[in-house]
Amino acid sequence: MKAALLPSSVNAPDSLPPSTADPARPAAMLVPCRAWQILCRRTGGQICRATFYRWVSTGKVYSIRLGYHIFIPAPALEELIKQCLAGERF
């Protein structure tokens with residue numbers, strides 16, 4: 001069985017999947033744990049895990065629930081990162 005080779009941008013620990021750049025492709029969906037890790041890396045660790053999950057549960061961070069699973073669209077995470085870096089309060 002051959003292993004599938006992924007572009008280096010997908011393997012990067014703090015980058016978003018490449019589908020966020022192309023509006024014709026559907027947005028990448030991230031699980032909350034991965035979204036929080038990316039948020040921490042990109043903002044310098046300013047947001048604690050409990051705060052991020054509280055934002056998800058109260059709707060301050062846009063998320064989609066499919067059954068028991070929660071997903072955060074990559075564009076919503078990008079917007080949150082921009083707001084955090086701009087110093088906006090939630």
Side-chain angles (χ1 to χ4, degrees):
M1 184 186 309
K2 290 185 176 181
L5 297 177
L6 297 175
S8 61
S9 63
V10 173
N11 296 327
D14 58 347
S15 65
L16 292 174
S19 66
T20 59
D22 185 4
R25 293 174 62 184
M29 303 299 262
L30 303 165
V31 294
C33 180
R34 184 71 183 122
W36 173 71
Q37 290 172 347
I38 293 170
L39 177 66
C40 284
R41 286 189 180 103
R42 301 267 304 271
T43 62
Q46 299 173 0
I47 312 303
C48 75
R49 183 177 166 273
T51 299
F52 180 75
Y53 277 89
R54 186 174 60 246
W55 288 351
V56 170
S57 68
T58 61
K60 291 182 181 178
V61 174
Y62 179 73
S63 61
I64 297 170
R65 181 179 291 274
L66 296 174
Y68 290 107
H69 302 282
I70 298 173
F71 298 98
I72 299 169
L77 181 62
E78 279 295 326
E79 183 62 32
L80 178 63
I81 290 169
K82 288 178 188 175
Q83 290 174 352
C84 288
L85 292 176
E88 294 181 24
R89 305 287 283 176
F90 291 92

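Owing to the predicted nature of the structure, the values given are computational and were not obtained by experimental measurement.
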Output side-chain donor-acceptor pairs under 3.5 Å for residues 44-53, partner residues at least two apart or in another chain, one line each.
unit_1 : atom_1 : unit_2 : atom_2 : d
Q46    : NE2    : T43    : O      : 3.1
Y53    : OH     : C33    : N      : 3.4

Heavy atoms only: give me the nearest A35-L30 pair and the separation to one decimal.
-> CB-CB, 4.2 Å
Heavy-atom side-chain proximity of F71 to V31 below 4.5 angstrom | yes
Minimum heavy-atom distance P73-S63, with the two atoms named = CD-CA, 4.5 Å
Side chain proximity check, R34 to M29, heavy atoms < 4.5 angstrom | no
Looking only at heavy atoms, what is the nearest atom pair of I72 and P32, with distance?
-> CD1-CA, 3.9 Å
Compare every heavy atom of R42 with every heavy atom of I81, then report the nearest pair and how far apart it is.
-> CD1-NH1, 3.9 Å
In short, R65 meets G67 closest at the heavy-atom pair CG-O, 3.2 Å
